[in-house]
Amino acid sequence: MTRRILVTSALPYANGSIHLGHLVEYIQTDIWVRFQKLRGNDCLYFCADDTHGTPVMIRARNEGIAPELLVQRMHEEHQADFKAFSIGFDNYYSTHSEENRILSEEIYCKNRDAGHVQTALVRQAYCNKDAMFLPDRFIRGTCPSCGALDQYGDACESCSATYAPLDLKQAKCALCGEPPVEKSSEHLFFRLSDFEPFLKEWTRSGALQAEMANKLDEWFESGLKNWDISRDAPYFGFEIPDAAGKYFYVWLDAPVGYMASTWNYCKRTGRSFDAYWRPGSTAEVYHFIGKDILYFHTLFWPAMLQGGGFRTPTAVFAHGFLTVNGQKMSKSRGTFINARHYLDHLDPEYLRYYYACKLSGRVDDLDLNLDDFVLRVNADMVGKVVNLASRTAGFIHKQFQGQLCPDYPADGGLYQSFVQAGEEIAAWYEAREYAKAMRAIMALADTANRYIEENAPWSLAKQQKEAELHAVCSVAINLFRVLLTYLAPVLPVMAERTRDLLNLPALTWEGCRLPLCGTTIKPFKHLMARVDPKQVEALLAAARPQELPPQSGEPVSPPPLPSSPPALATIPLESFAQVDLRVARIVQAELVAGADKLLKLNLDLGPLGPRTVFAGIRAAYSPESLTNRLTVVVANLLPRKMKFGLSEGMILAASREDNTDKTALFLLSPDAGAEPGMKIG
RNA sequence: GGCGAGGUAGCUCAGUCGGUUAGAGCGACGGAUUCAUAAUCCGUAGGUCGGGGGUUCAAGUCCCCCCCUCGCUACCA
């Protein structure tokens with residue numbers, strides 16, 4: 001009996017590029033969907049860009065283009081990235097679409113008419129110059145608690161105090177720098193508390209993983225709060241039908257994008273939208289999400305659907321966050337890796353396999369350990385799996401014109417055991433326990449390699465025992481085919497190459513219950529290249545930012561310092577005063593012919609005049625990125641004659657004490673306002 | 001501060017209701033082999049299961065305290 005299944009991944013926001021953290025989710029979901037399809041189920045996978053809200057609006061404004069244009073550009077970028085990683089959406093749509101507007105309005109109006117929407121006055125920071133209300137992240141000022149400068153409107157990064165945006169001292173609009181004023185406005189609120197009984201029951205319906213249900217209980221205990229669903233103009237989004245100048249908050253119409261994408265697909269293909277989303281639907285509906293957006297998907301979303309006259313999801317599957325080498329992704333460490341960066345250096349199938357090896361059905365975080373990544377992919381994929389075909393296909397081709405044995409040879413029940421193992425593997429996939437599935441598959445690969453070893457086709461060839469040789473290699477190729485079928489959800493590209501090698505119309509779970517006999521296979525070609533650690537190094541180098549001043553957005557966390565004691569003895573102030581530190585502007589930076597570590601810098605020290613300094617920072621900075629930036633220079637350092645010229649000072653940069661990572665180098669910068677030549681101390 | 005998850009071999013992880021000498025894969029080391037993308041096969045070493053206390057005939061597994069990591073939360077959801 002085929003199941004009818006609808007699957008979604010969370011919608012990526014149109015303000016940013018896809019990175020390796022996003023890909024945990026898309027790869028996890030895609031594997032599941034491909035698995036369902038491979039098993040013969042009627043499974044559809046929908047997603048879309050999440051396009052609305054202030055950040056998109058502002059970014060478009062900064063770029064001087066219409067938000068629609070920005071959104072469209074990002075849509076294309078996202079789709080290209082997904083395609084490269086073989087994320088096989090059946091439809092990838094946009095929340096900025098007519099379908100989404102109609103559905104959002106329907107959900108809103110039904111809830112409103114049923115009394116689930118109320119109004120309330122909200123006091124907010126408002127910028128007169130920009131003529132808009134400012135979200136917390138768009139206000140900067142001095143922390144009222146510790147006095148740290150230039151903090152966001154919601155919390156201090158320095159002392160982690162939280163406060164209202166209007167409590168900030170010397171608050172400024174992040175866009176224009178003007179101080180905001182306080183202004184109140186009427187907002188619409190979704191009465192989430194109306195749905196508490198329904199939600200409590202839905203939570204216990206098996207829709208949630210145990211950890212998530214626990215989290216929900218916490219929220220229930222602290223009481224469900226009503227949800228502010230409107231924003232005032234100007235806002236990039238959908239205007240609320242009965243409230244001119246007010247727009248749906250982006251998070252209201254974002255999940256509706258799942259439905260809009262479905263609808264758009266159904267219109268194109270003649271399928272029934274209602275069969276998926278209206279009450280009475282017998283389809284299974286699953287949302288894959290990150291644990292950070294649990295609240296939206298397990299409280300607001302089911303409540304909105306319930307109140308809006310739609311069915312609720314069968315289940316929501318949350319996963320944890322990605323860490324790289326055990327730490328949060330970090331731009332300065334070069335571990336904030338965009339999909340694009342990765343694609344420039346490495347094969348997407350490596351990542352798909354590695355993630356699969358680490359994924360479970362629980363909400364645990366997942367670590368991408370790059371050393372482990374290289375070893376594991378090479379050992380498992382190339383060493384164990386591909387090797388099966390590569391060590392036997394040659395014999396089939398050279399000695400038997402590519403034809404497999406016409407009758408399946410006696411193999412001591414090996415093939416049957418592989419087929420049987422498929423049931424367990426399928427159960428792991430179904431439960432999203434990919435790590436366990438991968439282990440089971442690799443155990444089979446070990447068995448297959450052992451079989452070859454024990455039957456030594458190379459000696460059979462020497463002894464000219466052709467029948468036996470043919471049998472052993474035919475068995476091996478058949479075992480290989482089963483393995484690749486089991487791996488197909490994870491490795492669609494390699495599975496496709498295998499399908500081609502074996503001259504099959506398709507690899508399917510059912511199809512491999514019976515072995516291939518008498519068919520002809522094509523000459524063996526490489527199915528997957530081995531990972532070169534140098535590719536990983538190159539990736540990290542490329543992901544490291546070329547320009548230091550961080551964009552607003554993710555705070556850049558400092559690399560941990562080694563916990564060694566201070567290396568040097570204490571000195572009196574007078575000693576320090578002998579160092580003449582000055583602000584310098586880098587007028588020009590250039591590569592130095594014959595030196596692979598150095599950059600030649602032309603500095604402007606203001607009243608002290610121009611200087612030339614050679615600095616060993618080429619590993620971390622490109623010349624272009626330095627032009628015109630300010631930094632700190634030791635101005636009274638004894639000039640140093642070098643092979644390439646005279647160096648008249650030294651610029652200051654931070655690096656690790658052990659100096660293991662040559663690219664972990666960070667130039668110092670004065671805060672804005674400093675001028676070349678200013679004395680530091 | 002509150003809550004949650006986690007701390008098991010060099011690395012990544014499994015360890016079901018507490019039960020015999022704590023497991024796997026990778027890596028390391030030693031052998032074998034040469035068909036294969038230096039792949040494969042056999043074998044060896046390596047862990048006071050974060051620390052301390054307790055319950056028990058028996059604790060990685062239960063209870064208490066502490067340390068460390070990560071995350072969420074603290075008039076955002």
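Letters go in sequence order (proteins before strands), and every chain restarts at 1.
At A14(B), one or more side-chain N or O atoms of Arg362(A) fall inside 4.0 Å of OP1 or OP2 (strictly under the cut-off). The side chain of Arg439(A) places no N or O atom within less than 4.0 Å of a non-bridging phosphate oxygen (OP1 or OP2) of A14(B). For C35(B), neither phosphate oxygen OP1 nor OP2 lies less than 4.0 angstrom from any side-chain nitrogen or oxygen of Lys398(A).
When Watson-Crick and G-U wobble pairs are counted only if both distances are under 3.5 Å, G1(B) pairs with U73(B). Nucleotide C41(B) is matched to G31(B) when pairs are restricted to Watson-Crick or G-U wobble geometry with both distances under 3.5 angstrom. Pair assignment for U20(B): none, as no Watson-Crick or G-U wobble contacts are both less than 3.5 Å.
Looking at the side chain of Arg391(A), the nearest of the listed nucleotides A14(B), U40(B), U37(B) is U40(B). Here the side chain of Trp458(A) is nearest to one of A39(B), U34(B), C13(B), namely U34(B). The side chain of Asp372(A) has G25(B) as its nearest neighbour among C35(B), C70(B), G25(B). The listed nucleotides are A39(B), U37(B), G25(B); the one nearest the side chain of His526(A) is U37(B).
Annotation: cation-pi geometry satisfied between Arg231(A) and Tyr249(A) (NZ/CZ under 6.0 angstrom from ring centroid, within 45° of ring axis).
Considering Asp365(A), Asp367(A), Asn369(A) in turn, Asp367(A) is the only one that fulfils the side-chain hydrogen bond (donor to acceptor under 3.5 Å, both in side chains) rule with Thr323(A).
His52(A) and Tyr13(A) are not linked by any side-chain donor-acceptor pair at a separation below 3.5 angstrom, with hydrogens and angles left out of the test.
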